Protein chains: 2
Amino acid sequence: MIRLLLAEDQGMMRGALALLLNLEPDIEVVAEAGTAAEALRAAASTRPDVALLDIEMPDGSGLDVAARLRDELPDCRVLIVTTFGRPGYLRQAMEAGAAGFLVKDGPVEQLAAAVRRVLAGERVIDPALAAAALSAGPNPLTDRERDALTAAADGTTVADIAVRLHLSESTVRNYLSAAIGKTGTRNRIEAAHRARANGWI
Amino acid sequence: MIRLLLAEDQGMMRGALALLLNLEPDIEVVAEAGTAAEALRAAASTRPDVALLDIEMPDGSGLDVAARLRDELPDCRVLIVTTFGRPGYLRQAMEAGAAGFLVKDGPVEQLAAAVRRVLAGERVIDPALAAAALSAGPNPLTDRERDALTAAADGTTVADIAVRLHLSESTVRNYLSAAIGKTGTRNRIEAAHRARANGWI
DNA sequence: CCGGCGCCGGGACATTTGTCACGGTGAAAC
DNA sequence: GTTTCACCGTGACAAATGTCCCGGCGCCGG
């Protein structure tokens with residue numbers, strides 16, 4: 001019997017997937033979590049064979065959970081399941097030691113199959129997405145450029161970003177300008193969109 | 001037997017929900033759709049009792065589908081299911097004649113229950129969301145303000161918006177300024193965020 | 001030891017953005 | 001018939017943004 005941890009913040013999705021996976025004769029959902037913190041706690045106490053992790057959760061990223069699990073439960077295979085097939089997400093997932101990466105667009109039948117395959121030691125990755133990740137290249141933004149762009153993305157003004165990051169306004173403008181240049185865009189809004197689409201911020 | 005149409009663009013979610021609803025003894029999913037166009041076609045050919053519609057679909061809004069269904073299949077109850085509990089969405093859904101409005105955060109058990117309740121003639125709406133919709137008030141933006149803000153949201157520059165909307169740059173700036181004023185924000189980015197959060201654009 | 005690079009800052013400049021005051025039209029509301 | 005409001009436009013101005021210089025520090029690899 002495959003013991004499985006399911007971390008997903010949308011209640012309806014989580015419930016539906018849990019029900020569906022429990023229908024499989026060789027799979028048992030031993031823990032459900034709606035937040036990153038819950039996922040870590042549940043993993044520690046139930047020690048599942050496979051962890052099915054969503055990326056977007058209210059209190060943190062499933063990618064961070066994956067990285068923690070690699071250290072704390074090295075035998076537990078991690079399968080990332082996400083809405084957005086962003087190249088940067090896939091890259092981060094691989095760096096965090098994930099064994100598989102699925103997008104929620106695909107058919108449900110993929111899911112149980114993927115669980116069995118990662119447990120067998122296989123890597124499960126959408127080929128089209130892998131190609132996109134390779135072609136997009138690594139994240140070109142430096143730490144500070146990311147910070148500045150992330151802050152700017154929600155409309156925060158240069159002055160406020162400077163305060164939040166303990167920087168001068170000139171520096172913030174320089175970082176934003178660099179980010180705009182590296183993303184090949186015309187302003188901070190386009191830069192933020194592009195960076196998000198690639199999973200860079 | 002309740003004949004049900006399921007329209008939802010995420011394959012995994014759609015598959016899981018279809019499976020789950022088919023487990024109910026009195027519900028049968030007679031059609032599945034991944035786009036707005038498919039939903040309309042399927043509804044016309046299968047004439048379901050209840051239509052379960054997602055809002056965000058690649059080729060159009062489930063709210064538009066709801067409005068069309070009201071004219072073409074007046075006997076079909078519409079139940080909107082969406083990720084985002086935005087006040088404006090709820091308002092639009094009610095105006096489009098929907099019988100119910102669910103957010104995907106809730107437990108799955110809600111779903112089958114809601115289907116039965118709308119079929120019984122009841123209205124199904126999350127109370128907290130209804131309160132938010134009332135307190136947020138109606139969409140304060142005029143058509144053109146919405147157009148300008150929508151275009152500005154993805155980083156398009158004033159000059160380009162003017163071209164796309166066949167307006168002068170001054171006019172576009174005036175609309176954006178009005179939108180910023182009405183949303184009580186400091187710039188177009190914040191205005192776009194606020195408008196999106198309220199379901200105004 | 002030197003070069004490259006991430007990090008931090010300053011100053012100056014052109015461009016873009018946001019605000020305000022103003023005028024005119026047409027359609028709907030009272 | 002007047003008022004109201006969405007709509008479209010102009011011109012001018014202040015503020016924010018984006019770009020390009022410049023300087024310095026510390027760290028790492030060749």
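Throughout, protein chains are lettered first and strands after them, A, B, ... in sequence-line order, and every chain is numbered starting at 1. Only a predicted model underlies this, so the values are computations on that prediction, with no experimental measurement involved.
- Boundaries of the chain A contact region on DNA chain D are D:dA16 to D:dC20, first to last in 5' to 3' order (nucleotide atom under 4.0 Å from a heavy atom).
- Counting all heavy atoms, side chain and backbone alike, B:Ala16 lies closest to A:Leu17 at CB-CD2, 4.3 Å.
- Contact annotation: the side chain of B:Leu141 approaches that of B:Lys182 to within less than 4.5 Å [non-hydrogen atoms, C-beta and beyond].
- Remark: B:Thr157, B:Val158, B:Arg173, B:Asn174, B:Ser177 in residues 157-179 of chain B come within less than 4.0 Å of DNA chain C through at least one heavy atom.
- Side-chain atoms of B:Asn187 come within 3.5 Å of backbone N or O of A:Gly155 as a donor-acceptor pair.
- Between A:Arg91 and A:Asn139, every side-chain heavy-atom pair lies at or beyond the 4.5 Å cut-off.
- Ion pairing between a basic and an acidic side chain is recognised when a charged N comes within 4.0 Å of a carboxylate O; A:Asp54 and A:Lys104 show such pairing.
- Using a 4.5 Å cut-off on side-chain heavy atoms (C-beta onward), B:Asp105 and A:Gln10 make contact.
- Of the residues in residues 139-154 of chain B, not one places a heavy atom less than 4.0 Å from an atom of DNA chain C.
- Side-chain contact between B:Met12 and A:Leu20 is absent, with no heavy-atom pair separated by less than 4.5 Å.
- Regarding B:Glu190, its CD atom lies at a distance of 16 Å from the P atom of C:dT17, rounded to whole Å.
- With contacts defined as side-chain heavy-atom distances shorter than 4.5 Å, the pair B:Leu5/B:Val50 does not qualify.
- By the 4.5 Å heavy-atom criterion applied to side chains, A:Arg144 and A:Asp147 are counted as neighbours.
- Along DNA chain D, the nucleotide nearest B:Lys182 and the nucleotide nearest A:Gly155 are compared for position; the residue whose nucleotide lies closer to the 5' end is B:Lys182.
- Going from atom CG of A:Asn187 over to atom C1' of C:dA14 covers 16 Å, rounded to whole Å.
- Between A:Glu8 and A:Met57, the shortest heavy-atom contact is N-SD, 4.4 Å.
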